[in-house]
Amino acid sequence: MEKNLMIAGFGGQGVMTMGKLLGEATCDATDKNVVFFPSYGAAMRGGTANCYVVISDGDIGSPTTYSVDDLIVMNEPSLHKFIGNLKSGGTLYVNSSIIDCEIERDDIKVVKAPVTQMAIDMGNPRGLNVIMLGVYIGMTEAVGEDVIVKGIEHKFENKPKLIPINLDAFSAGLEIGKAAKNA
């Protein structure tokens with residue numbers, strides 16, 4: 001099994017953190033091979049940012065590809081720029097809080113989640129990436145939920161007050177992902 005994921009958005013949305021968390025947690029808690037490959041735009045905050053995460057049972061030939069199984073887009077410019085990279089039959093994850101345009105492809109599955117608004121409503125505006133990671137894991141089961149829980153606990157071990165709110169964010173995303181999977 002090999003899963004190719006591209007995550008795209010603008011700086012400040014936690015795109016790199018989401019990819020890194022997924023990659024590091026998978027490396028730490030499983031025997032799978034993982035590649036995390038970041039790509040930054042001209043500016044860190046407000047500029048474009050995207051990354052690839054490849055998770056595989058076997059060797060990984062290349063960290064990047066022009067054809068991904070799954071695509072997470074956190075803003076509309078990323079949607080327009082990278083929708084062509086999504087394989088037919090792939091899944092598009094959309095931050096529907098700020099992307100409200102029609103998805104014109106009918107050969108993909110679309111999972112919409114209002115992660116920006118959810119994060120604000122939870123009192124954790126920076127947690128939109130953790131919510132979206134939950135959506136992705138709930139839908140794909142690329143790794144077990146426990147892998148990401150351990151990753152969150154490890155990432156925030158020096159800021160223990162942030163662990164519960166990020167676990168809640170992840171759990172909220174999981175619910176959306178699982179519902180989409182069963183729809």
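Residue numbers run from 1 in the order of the sequence given.
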message = As a quick check of understanding, evaluate side chain to side chain contact (heavy atoms under 4.5 Å, CB included) for Ile83 and Ile108, giving each step before the final call.
response = CA-CA 10 Å; Ile83 186 104; Ile108 59 173; 4.1 Å; yes
ask   = Are Asp69 and Lys87 close enough, and set up right, to give a salt bridge (charged side-chain N to carboxylate O under 4.0 Å, His left out), and what steps lead you there?
value = CA-CA 6 Å; Asp69 301 311; Lys87 290 179 184 175; 2.9 Å; yes
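With contacts defined as side-chain heavy-atom distances shorter than 4.5 Å, the pair Cys27/Lys32 does not qualify. A heavy-atom distance below 4.5 Å is not found between the side chains of Cys51 and Met6. In this structure, Asn50 and Phe37 have side chains that are not in contact, with every pair of non-hydrogen atoms separated by 4.5 Å or more. Side-chain contact between Val115 and Ile176: absent, with no pair of heavy atoms (C-beta onward) separated by less than 4.5 Å. The closest side-chain heavy-atom distance from Leu22 to Val147 is not below 4.5 Å. When side chains are defined from C-beta on, Glu76 does not count as touching Ile98, because their heavy atoms never get closer than 4.5 Å. Taking 4.5 Å as the limit, every side-chain heavy atom of Val54 sits out of range of all side-chain heavy atoms of Val34. In this structure, the side chains of Glu24 and Phe36 stay at 4.5 Å or more apart for every pair of heavy atoms.
With sequence neighbours excluded, no residue satisfies salt bridge (Lys or Arg N to Asp or Glu O under 4.0 Å) with Asp100.
Smallest separation of non-hydrogen atoms from Glu2 and Ser56: OE1-OG, 3.4 Å. Across all non-hydrogen atoms, the minimal contact from Met16 to Ser39 is CE-O, 3.3 Å. Listed here is the closest heavy atom pair of Ile103 and Leu79: CD1-CD2, 3.7 Å. Looking at every heavy atom in both residues, Gly151 comes nearest to Ala25 through CA-CB, 3.9 Å. Scanning both residues, Ala169 and Gly127, for their nearest heavy atoms gives CB-O, 4.1 Å.
To the nearest 0.5 Å, atoms CG (Asn124) and CE (Met118) are separated by 11.0 Å. Atom CG in Leu86 sits 5.5 Å away from atom CG in Leu71 (nearest 0.5 Å). For the atom pair CG of Leu174 and CD1 of Ile148, the computed distance is 9.0 Å after rounding to the nearest 0.5 Å. One distance of note links CG of Leu128 with CE of Met18; it measures 7.0 Å at 0.5 Å rounding. Put simply, CG on Leu162 and CD1 on Ile152 are 11.5 Å apart, with the number rounded to the nearest 0.5 Å. Between Thr140 atom OG1 and Leu5 atom CG the span is 8.0 Å, to the nearest 0.5 Å.
Side-chain N or O atoms of Asn33 include one that pairs as donor or acceptor with a backbone N or O of Gly58 at under 3.5 Å. The backbone N or O of Pro114 lies less than 3.5 Å from a partner atom in the side chain of Ser97, making a donor-acceptor pair. Side chain of Ser78 to main chain of Met74: no donor-acceptor pair is present (N/O by atom type, distance under 3.5 Å, no hydrogens or angles).
Ile120 and Ile165 fall into different hydrophobic clusters, where Ile, Leu, Val, Met, Phe, Trp and Tyr side chains are chained together by heavy-atom contacts under 4.5 Å. With hydrophobic clusters built from ILVMFWY side chains whose heavy atoms lie under 4.5 angstrom apart, Val68 shares a cluster with Val110.
Residue pairs meeting the side chain to side chain donor-acceptor pair (under 3.5 Å) criterion with at least one partner in residues 170-183, sequence neighbours excluded, are Glu141-Lys181, Glu145-Lys178. Residue pairs meeting the side chain to side chain donor-acceptor pair (under 3.5 Å) criterion with at least one member in residues 102-122, sequence neighbours excluded, are Ser88-Asp107, Asn95-Thr116, Arg105-Asp107, Gln117-Asp121. Sorted by first and then second residue, the ring-ring contact (aromatic ring centres under 6.0 Å, His included) pairs involving residues 113-146 (not counting sequence neighbours) are Tyr93-Tyr136. Among pairs with a residue in residues 149-172, none fulfils salt bridge (charged side-chain N to carboxylate O under 4.0 Å, His left out), at least two apart in sequence or across chains. Listed by first and then second residue, the ring-ring contact (aromatic ring centres under 6.0 Å, His included) pairs involving residues 140-183 amount to none (not counting sequence neighbours).
Each of Asn129, Val135, Ile131, Ile137 was scored for a side chain to side chain contact (heavy atoms under 4.5 Å, CB included) with Leu133, with one residue passing: Ile137.
For Lys3, the NZ atom counts as densely surrounded, since its 6.0 Å shell holds more than 12 non-hydrogen atoms of other residues, nucleotides or ligands.
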